[in-house]
K.L.:
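So that we are looking at the same thing, I have put the structure below in structure tokens.
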Amino acid sequence: MTDKTRKIVIEPVTRVEGHGKVTIQLDEQGEVSQARLHIVEFRGFERFIQGRPFWEVPVLVQRLCGICPVSHHLAAAKAMDGIVGVDQLTPTAEKMRRLMHYGQMFQSHSLHFFHLVSPDLLFGFDADPAIRNIIGVAQKFPELAVQGVMMRKFGQDVILATAGKKIHGTGAVPGGVNKNLSIEERDALLKEMDQMLTWSLGALKIAKDYTVEHLAELADFGSFPSSHLSLIREDGAMDLYHGQLRAIDSEGETLFDQVDYQNYVDYIAEEVKPWTYMKFPFIKQIGPEDGWYRVGPLSRMNTCDFIDTPLAETARQEFMALTKGKPNNITMAYHWARIIELLHSAEKIQELLNDPDLQGTDLMVKGDRRGESVGLIEAPRGTLFHHYKVDENDQVTMANLIVSTTNNNTPMNRAVTSVAKKYLSGTEITEGLLNRVEVAIRAYDPCLSCATHALGQMPLIVELNDAEGQQISRRTTG
Amino acid sequence: MTGEGPRRLLVLGYGNPGRLDDGLGPAFAARIEALQIPGVSTDANYQLNVEDAAALATYDVVLLADASVDAPPPFTLQELKPVSSGLGFSSHSLSAPALLGMVEELFNAHPKTYLLGIRGVDFNEFGERLSPSAKTNLDAAVASIEPLLRQPDRWAQLQDSLPHFPVGRMDRL
């Protein structure tokens, strides 16, 4: 950007004006110099938690997001386990939480794939928007559209059975859980299990076939080499609920491994930039300029050594074969990776439902109070950090949250810049460019200041600014 | 969805109770639930979700209750028409008309559906309380809607029953 560029003011998102905004900046030669995705993160939540009793936090944090409240619930509960001095839950408690989490992954990935992404994959980026939507899918592929709804519902049913209720679920509490799974709840879920596995395999075929068939186009679409970060199990297996931190570079070289996430601040820092409220996390040993990394399904495929369920592991091997075992840096491969995780979650749910530990009655563990703790979880969109300090009066004195979308902040901006550079022609924002910017963002499924729901459709606004910072084109979806 | 058997009505309130007046929808659902009106089911959630399409499809009449930032106080009530939703860029948003479109297209069901928009004023802070204005508007909504919910033969004509209530603008839905 030149010094002449006008300062961009980000307005606080309000309930009604919820939208995403992309600004594309041209240089003096009229070429794209940079594109930025403005996603407003509501920062007040960390202050809101301060002063509250620590045991309320796993319930309170669910208000951060109406789509993935379970991820916040579990990350906070894990942190509060540490506050009450518990490092190891009872088998029943850990398995109940895991079941809740796999239910969350299953419903979230189903929603994303069927509701948001399948129209792009089934109709193509340039299809008429009147057709390229879930209703279009329902008309042309009616069984698939219903599958999406029923899979999402199944995931929600798993959550209801483990968290107790849809709003303000209370299943996970500091040191354990407050319920087990009844035989009736188990059997009701098991009845649908085979169908869910079959449908997951069907979704996997769509995602895989699409990626392989369009590889030449996708490999260059919003893609770039990057580092990747995730939790990993001690033996190198993918573990969405618990593990240690592993980071690799774009070639697969280890940056750090088996890091206890209680010490994450020694490895990860957050940079503030003047044009957005969102922070930019980076790996300290590399520095703020190049230390950014990706999280989420693509990164989890790249960081893990294997998946411990047979169908998903077979799928992972096919996925990694595409890049000959090296990290896959294709942004659009997020979708394929996401569906491998969908399948893995279904396999894990089945495994857990058949485990008699879920009917156990030993639900809680006690320990010696501590003043500070960190809880991490692999949420559907990526690694989620919850960090708290609690005083001797049991009140929270500090909270720091790094949500998945914040971890993917720089990558999303890179993806949008890459698409803008490739597809912007002249000084008009065309329908084709707008489509492709949306497609690139959809790969990450950003979480949008979702402490409130938005009325109506949430449009994407793309603005084109000249080197002087003057707006020369603007286009809005919908 | 015919006259066979008892008619069923769902009150679904949505919004985030942790964001002040955004919780008006769930608060309305809770108030109606407490009344235990025969034939009336209630539910609440942070926001509308695709799986709600499967639930809505099983009812004759649906009353969605939401907070509104610009409805004339105390509330608006209007009949909803389904629309085919365009693709968004995040899975974090689903409009009521788009949800109704899914009910019709995916489940071939046509529940008569209304949207109750209760006027709120405070949204942009965290906190689990309704503003005094929102409480007043909620009371008015409950007082007006409750008698109608107790008359199943009038459910399908809810809007006709409320000629004095202003109708919100569809473009804000």
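Values below: every heavy atom of this structure, side chains too, minus hydrogens, waters and symmetry copies. Not measured: the values here are computed from a predicted model. Chain letters run A, B, ... following the sequence lines, proteins first and then strands; every chain starts at 1.
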K.L.:
Rounded to the nearest 0.5 Å, how far apart are CG of Asn16(B) and CD of Gln62(A)?
P.N.:
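Here the interatomic distance stands at 10.5 Å.
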K.L.:
Report the distance from atom CG of Leu106(B) to atom CD of Glu143(A), rounding to the nearest 0.5 Å.
P.N.:
12.5 Å
K.L.:
Answer yes or no: is there a side-chain heavy-atom contact under 4.5 Å between Phe107(B) and Val149(A)?
P.N.:
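Sidechains of Val149(A) and Phe107(B): in contact.
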